[in-house]
**Q** 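Sending over a structure as structure tokens; questions will come in a sec.
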Amino acid sequence: MGCQSRAAATLPASPSTRERIARAFARSAHSYDQHADLQRAVADQLLALLPPQFAGAHVLDLGCGTGYCTRQLRALLPASVVLALDLAEPMLQRARAIPSVLPLCADAQQLPLQTASIDLLLSSLTIQWCDDLNALFAELQRVLRNDGVALLSTLGPQSLCELRAAWTGIDRRMHSNRFTPLATIEQAASANGFTLNWTRELRTRHYESLRKLAHELKGLGANAVLEQQASTVSPASFRAAEAAFASNREAAGIPVQWEVFYLQLRRQA
Ligand SMILES: C[S@@+](CC[C@H](N)C(=O)[O-])C[C@H]1O[C@@H](n2cnc3c(N)ncnc32)[C@H](O)[C@@H]1O
């Protein structure tokens with residue numbers, strides 16, 4: 001289906017936006033794992049990009065959530081110090097249970113880490129929540145050692161386009177975040193001294209209804225919309241959006257696209 005995407009604007013860094021994101025993920029810490037099939041699959045793809053025979057001393061899982069990647073890093077790299085960082089303390093609580101991991105509750109855009117202290121940074125489906133990509137990449141550049149590498153997965157603009165399309169013409173609220181185009185990511189990476197290698201993947205998942213998709217997003221904590229405060233949707237508006245969403249139904253259910261970028265950042269020589 002041809003969903004149009006508008007270019008994501010650079011949003012002002014507002015503490016209230018980060019607080020709302022942190023609160024949404026904090027509320028979902030107990031339900032995240034039961035909704036996280038796509039997140040697991042993406043994390044596995046990202047972990048497969050780990051450099052062979054990597055022997056770096058310090059590894060960071062940025063936006064560790066409930067610790068799925070942290071656990072794999074801990075097992076795969078027994079000689080490394082593994083740090084797990086997340087904005088939402090209740091998410092981090094889960095990662096705290098993993099033995100021999102250093103937990104940090106902090107914002108990815110203001111890392112409480114020393115300059116040139118990290119050999120490998122891995123971050124799965126987190127950077128799309130950062131409202132200032134330049135600040136984020138500047139921080140990654142600062143904390144990575146010269147030969148360090150950052151492996152990131154993030155969502156592309158086509159993700160959830162069916163959700164946005166279903167709400168078009170019903171109200172003027174944002175019902176999904178707009179995801180940053182690859183060209184903007186490439187620009188920010190280069191401006192901050194990185195060379196970027198990337199791959200793109202389009203996954204389609206089928207849902208029974210708009211309500212089920214909304215339930216999944218809420219269970220994941222991914223229901224915070226960056227550009228607005230939450231407000232109530234009228235039942236009539238929801239019914240209209242539900243009908244528009246269901247008009248794409250296929251035998252397997254109602255298709256929703258998830259565009260995933262896998263990024264490999266290395267400091268420019
Ligand atoms: C979709 S979850 C992914 C979690 C984990 N990486 C995984 O693959 O299951 C996104 C995580 O990023 C965290 N997060 C969002 N914005 C962040 C920020 N600015 N700094 C650090 N963590 C952030 C959220 O609290 C949440 O735990």
Side-chain angles (χ1 to χ4, degrees), residues 1-9 32-50 62-63 65 68-69 72 122-130 133 136-137 150-168 174-190 194-227 241-242 244-265:
M1 122 178 243
C3 298
Q4 295 293 316
S5 66
R6 281 177 286 168
Y32 182 87
D33 287 338
Q34 72 205 58
H35 294 283
D37 294 352
L38 173 94
Q39 287 68 16
R40 295 291 164 259
V42 170
D44 288 343
Q45 293 259 112
L46 187 65
L47 285 157
L49 300 177
L50 282 181
L62 187 74
Y68 180 78
C69 296
Q72 317 278 333
L122 184 132
S123 179
S124 195
L125 294 180
T126 293
I127 68 164
Q128 71 274 10
W129 293 105
C130 293
L133 199 57
L136 172 74
F137 282 180
L151 302 176
L152 317 171
S153 62
T154 189
L155 296 178
Q158 241 171 291
S159 302
L160 296 172
C161 63
E162 297 84 354
L163 172 62
R164 287 186 294 279
W167 281 100
T168 301
M174 292 280 298
H175 291 273
S176 143
N177 290 319
R178 278 178 278 160
F179 301 104
T180 306
L182 195 56
T184 309
I185 296 175
E186 277 179 317
Q187 236 168 24
S190 161
F194 285 114
T195 52
L196 171 68
N197 286 317
W198 57 268
T199 54
R200 170 184 178 270
E201 168 184 72
L202 205 54
R203 288 175 179 260
T204 303
R205 285 169 62 80
H206 289 86
Y207 294 84
E208 213 178 291
S209 64
L210 180 60
R211 197 169 291 283
K212 286 278 183 198
L213 171 60
H215 178 70
E216 177 178 297
L217 293 175
K218 194 168 179 192
L220 289 165
N223 55 324
V225 175
L226 294 176
E227 294 175 47
E242 181 80 273
F245 185 69
S247 67
N248 297 319
R249 190 181 293 279
E250 299 170 350
I254 305 164
V256 172
Q257 294 176 59
W258 294 84
E259 183 181 26
V260 185
F261 299 140
Y262 297 90
L263 314 171
Q264 195 167 0
L265 297 176

**Q** Apply side chain to side chain contact (heavy atoms under 4.5 Å, CB included) to the pair R40 and D33, showing each step before the final yes or no.
**A** CA-CA 9 Å; R40 295 291 164 259; D33 287 338; 2.6 Å; yes
**Q** Tell me if the CZ atom of R211 is crowded by more than 12 foreign heavy atoms within 6.0 Å.
**A** no
**Q** CD/Q187 to CG/L133 distance, rounded to the nearest 0.5 angstrom?
**A** 10.0 Å
**Q** Hey, are the side chains of H35 and K218 touching, using non-hydrogen atoms and a 4.5 Å cut-off?
**A**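 In short, these two side chains do not touch, never coming nearer than 4.5 Å.
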**Q** Which pair of heavy atoms, one from A41 and one from R203, lies closest together, and at what distance?
**A** CB-NH1, 3.5 Å
**Q** I need the minimum non-hydrogen distance between L217 and W258, along with the two atoms involved.
**A**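 Distance-wise, the nearest heavy atoms are CD2-CH2, 3.9 Å.
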**Q** Once you round to the nearest 0.5 Å, how far does OH of Y207 lie from CZ of R249?
**A** 14.0 Å
**Q** Any chance the side chains of Y32 and Q39 put a donor and an acceptor closer than 3.5 Å?
**A**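 No donor-acceptor contact under 3.5 Å links the two side chains.
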**Q** To the nearest 0.5 Å, what is the distance between SG (C69) and CG (L151)?
**A** 10.5 Å
**Q** Under 4.5 Å between any side-chain heavy atoms of L125 and L220, yes or no?
**A**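 Sidechains of L220 and L125: no contact.
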**Q** Closest approach of P255 and N248, non-hydrogen atoms and distance?
**A** CD-O, 3.3 Å
**Q** Can any side-chain N or O of T126 pair as donor or acceptor with the backbone N or O of S124 at less than 3.5 Å?
**A**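 Such a contact is found between T126 side chain and S124 backbone.
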**Q** What are the two closest non-hydrogen atoms of T180 and F261, and how far apart are they?
**A** O-CE1, 3.8 Å
**Q** Do the side chains of I127 and L263 get nearer than 4.5 Å, heavy atoms only?
**A** yes
**Q** Do L163 and V256 have side chains that approach each other closer than 4.5 Å (heavy atoms only, starting at C-beta)?
**A**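 Sidechains of V256 and L163: no contact.
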**Q** Quick one: CG on L38 to CZ on R205, what's the gap to the nearest 0.5 Å?
**A**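 So the gap between those two atoms works out to 5.5 Å.
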**Q** Do any N or O atoms from the side chain of S159 and from the backbone of E259 form a donor-acceptor pair under 3.5 angstrom?
**A**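 Between the backbone of E259 and the side chain of S159 there is a qualifying donor-acceptor contact (under 3.5 Å).
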**Q** Once you round to the nearest 0.5 Å, how far does CG of L122 lie from CG of L62?
**A** 9.0 Å
**Q** What are the two closest non-hydrogen atoms of Q257 and C161, and how far apart are they?
**A** NE2-SG, 4.0 Å
**Q** Hey, what do you get for CG (L152) to CG (L196), rounding to the nearest 0.5 Å?
**A**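 Reported value, rounded in 0.5 Å steps: 8.5 Å.
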**Q** Could you go through T199 and L49, starting from their C-alpha distance and side-chain angles, then the distance that decides it, and tell me whether this counts as side chain to side chain contact (heavy atoms under 4.5 Å, CB included)?
**A** CA-CA 11 Å; T199 54; L49 300 177; 5.6 Å; no
**Q** Under the 3.5 angstrom rule, does the side chain of E201 hit a backbone N or O of V260 as a donor-acceptor pair?
**A** no
**Q** Let me see the working for F245 and I254 under side chain to side chain contact (heavy atoms under 4.5 Å, CB included), right down to the final yes or no.
**A** CA-CA 7 Å; F245 185 69; I254 305 164; 3.6 Å; yes
**Q** Would you call L160 and L213 a side-chain contact if the rule is heavy atoms closer than 4.5 Å?
**A**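 L160 reaches L213 side chain to side chain.
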**Q** If you compare all heavy atoms of N177 against all heavy atoms of W129, which two are closest, and at what distance to 0.1 Å?
**A** ND2-CZ3, 3.2 Å
**Q** With side chain to side chain contact (heavy atoms under 4.5 Å, CB included) as the test, would you mind laying out the steps for W198 and T154 before giving the verdict?
**A** CA-CA 11 Å; W198 57 268; T154 189; over 6 Å; no
